[in-house]
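Read the structure below first, then the notes.
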2 protein chains.
Amino acid sequence: MTTAQRPTLEAVARRAGVSRATVSRVVNGSTTVAEPIQEAVRRAVAELGYVPNLAARSLVTQRTDSIALVLPEEATRVFSDDQVFPSIIRGAAQELEAADKQLVLMLAGSPAGHDRVERYTTGRHVDGVLFASLHGADPLPGRLARLGIPVVCSGRMLGDVPVPYVDVDHVGGVTAAVRHLVDGGRRRIATIAGPQDMVAGVERLNGYRQAVQAAGLPELVAVGDFTRESGAAAMRQLLDRDPDLDGVFAASDLMAHAAMRTLRATGRRVPDDVAVIGFDDIETAAYTDPPLTTVRQPILELGRRGTRQLLRLAAGETIEPSVVLPTELVLRDSA
Amino acid sequence: MTTAQRPTLEAVARRAGVSRATVSRVVNGSTTVAEPIQEAVRRAVAELGYVPNLAARSLVTQRTDSIALVLPEEATRVFSDDQVFPSIIRGAAQELEAADKQLVLMLAGSPAGHDRVERYTTGRHVDGVLFASLHGADPLPGRLARLGIPVVCSGRMLGDVPVPYVDVDHVGGVTAAVRHLVDGGRRRIATIAGPQDMVAGVERLNGYRQAVQAAGLPELVAVGDFTRESGAAAMRQLLDRDPDLDGVFAASDLMAHAAMRTLRATGRRVPDDVAVIGFDDIETAAYTDPPLTTVRQPILELGRRGTRQLLRLAAGETIEPSVVLPTELVLRDSA
DNA sequence: TTGTATGCGTTATCAT
DNA sequence: ATGATAACGCATACAA
């Protein structure tokens, strides 16, 4: 820890024999500086190993060139083997890379984490905030928006919050899935729903309800939380209630995977006895046994679009209050 | 974008009828302020919705209370379905949560990203930097360390760089794996090695070489890059060179998984004909067919320890130049 | 084209 | 216990 005193603009200016202003101009790429002087400044910068102090810079520019991606989840959950969050992160990272902005990832599962996020974002440490995976009616996005901080939600918020969002067409995807089951002759179609405090959970259940009703079929619902464990439990519950069910739509691939294992454990064949369709199209969906038919959601694109919208907003543009991306049924062997 | 002018200390001070200094004291929890005044200040803060400007604060305190986790990888790679990086992130997030510091995640796969990381970290935007997954001999960690910026590497660096690190006991784990194969009567033991520009790849191959030599057995090596695809290709290569091999140690679970599939595709049974052992113990290792025997590395703990070391370093403490965490052979059915 | 001077919002050092 | 006041390092309006 020598903590060598870092050279400042002032030091570079002295070394190059010019004023601070001129050094600043060169460092920031102004074209109005004579070439020989630019050269001298650049040499001084290199010799001293000068690096601008970003805090000082953003204090005066009122910009930080970094944006926050907030995941109001426990880290354990964010990086479970469902690739949803990672994909959103990737999408955001790609767009920010292109814009040469810095990604600040904030995990806010705990109340303390939530507070820290609030301090950090309201403290103007970032130029904008992208939220993902909101549970219930988190007040933070609305609060930030009211403070004039650019905010976009990836995944619509529950409740009636005036924050722009991007989301996927949950209902359309589920409708296609259920219709496929019906077309395949299934008549006792159950669903393993997602958590009902998240839009993704609510919407996919809505889609299921609408679709089975439209087909004149009965509803059979068990609720999980998108994880494998909850999927297995829900599947057992459904079998208890209707041992003769012949189709299952699970609101996540992880739950679908667990459901297939549970079905097999009870001696049922997939898809011969029971057809199973998932939602997400995670990477391993093609490797399950049998390969999983599922609804693909463009989750990477969700992260990208959300980020693009946010960057536009932060740049002062007016953006659409909502963007909805299409989903697509991917046929494999499980249904 | 109303961008309401954010209230400053000055505004709060006027409102509360005190000086800026006093407001600052209250905001920062100084005890030397009379209770009634504290009360008045707090009310003013609440009424105005005052939030400290972090840039201004860190400009004077020279601290940012945030640390960077740098992953010199493409986002696509970081969030592949191997859970190594996510676990490191989780570990770091947990420790920082406890320390009430902010995690800044930086993906630096591209040269541009690498530059951005350098600007950001040398720009004093963070109090310390934790590197993970270094390829080849990245000069950045050493450079930052020389600038007096606290740096720790999660995973030892290739080359002889004087940067403190934490890593797992690769050789010990591999030795246990190969010994288990030998004890099981295997005599033609191959390895699918990891990328040779990373310590994890190099060390695991070293471990394999030492172990088979110690057992008086021949070497059989193919090199992959930890991914499934490379594992399948390497397995085919190995079978071409020795169709009668009876044991495989793969340097990652993903490669082991692909190897098992490839073996089955060629009509071989696992473990009857060929025993397979992986490395990592990712979550899905227990769900492969057959469940994968593998070397567990405490990857979450690696992230945690690295972060703890970094925090100590940033606090001015002297830390051990290296910390090595134990690995453990987990017996399942594939070997 | 270059330099001077000012302010960004804090914290910290002094007095009082 | 509280209040002036001086940094902190930079960008920029204005002057030259």
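A, B, ... follow the sequence lines: proteins, then strands. Residue 1 opens every chain.
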**Contacts of A:D100 that satisfy side chain to side chain donor-acceptor pair (under 3.5 Å) - sequence neighbours left out** = B:R116, B:R119
**Message:** Could you work out, with side chain to side chain donor-acceptor pair (under 3.5 Å) as the rule, every residue matching A:E95, not counting sequence neighbours?
**Reply:** A:R304, A:R308
**A:R305: salt bridge (Lys or Arg N to Asp or Glu O under 4.0 Å) partners, not counting sequence neighbours** = none
**Asked** What's the CD-P distance between B:E10 and D:dT5, to the nearest Å?
**Response** 13 Å
**Asked** Listed by chain and number, what are the salt bridge (Lys or Arg N to Asp or Glu O under 4.0 Å) partners of A:R312, not counting sequence neighbours?
**Response** A:E317, A:E320
**Request:** Using a cut-off of strictly less than 4.0 Å between a heavy atom of the residue and any atom of DNA chain D, enumerate the qualifying residues of residues 25-46 of chain B by number.
**Result:** B:R25, B:T32, B:V33, B:A34, B:I37
**Message:** Rounded to whole Å, how long is the line connecting atom CG of A:D65 with atom C1' of D:dC10?
**Reply:** 14 Å
**Prompt:** Does A:Y120 have any ring pair (Phe, Tyr, Trp, His ring centres under 6.0 Å) partners at least two apart in sequence or in another chain, and if so, which?
**Reply:** A:H125
**Item:** Partner residues of A:S19 under the side-chain contact (heavy atoms from CB on, under 4.5 Å) criterion, sequence neighbours left out
**Value:** A:A21, A:T22
**Request:** Kindly write out the residues that satisfy side chain to side chain donor-acceptor pair (under 3.5 Å) with A:S66, not counting sequence neighbours, or none if the list is empty.
**Result:** A:T64
**Message:** Rounding to an integer number of Å, can you tell me how far B:L54 CG sits from D:dG9 P?
**Reply:** 18 Å
**Prompt:** Which residue pairs pass the salt bridge (charged side-chain N to carboxylate O under 4.0 Å, His left out) test with at least one member in residues 21-50 of chain A, sequence neighbours excluded?
**Reply:** A:R15-A:E47
**Prompt:** What pairs with B:D65 under side chain to side chain donor-acceptor pair (under 3.5 Å), at least two apart in sequence or on another chain?
**Reply:** B:R63, B:K101
**Request:** Using five pairs at either end of the helix from C:dT1-D:dA16 to C:dT16-D:dA1, determine the angle between the two local helix axes and round it to 10 degrees.
**Result:** 40°
**Prompt:** Nearest of D:dA4, D:dA11, D:dC10 to any side-chain atom of A:T61?
**Reply:** D:dA11
**Item:** Atom pair OG1/CE of A:T121 and A:M106 - distance to nearest 0.5 Å
**Value:** 6.5 Å
**Complete:** Between NE2 of B:H125 and C1' of D:dC10 the distance, given in whole Å, is 13 Å
Distances for protein N/O vs nucleotides 6-8 of chain D N/O pairs under 3.5 angstrom?
{"unit_1": "D:dA6", "atom_1": "N6", "unit_2": "B:R20", "atom_2": "NH2", "d": "3.3"}

**Option among A:L96, A:V152, A:L69, A:D127 that satisfies the side chain to side chain contact (heavy atoms under 4.5 Å, CB included) test with A:L310** = A:V152
**Message:** Distance check needed: C:dG7 P versus A:L9 CG, whole Å only.
**Reply:** 19 Å
**Interatomic distance, A:R57 CZ vs C:dT10 P [rounded to whole Å]** = 21 Å
**Request:** Counting heavy atoms from C-beta on, name the nucleotide in C:dT2, C:dT10, D:dG3 closest to the side chain of A:T22.
**Result:** C:dT2
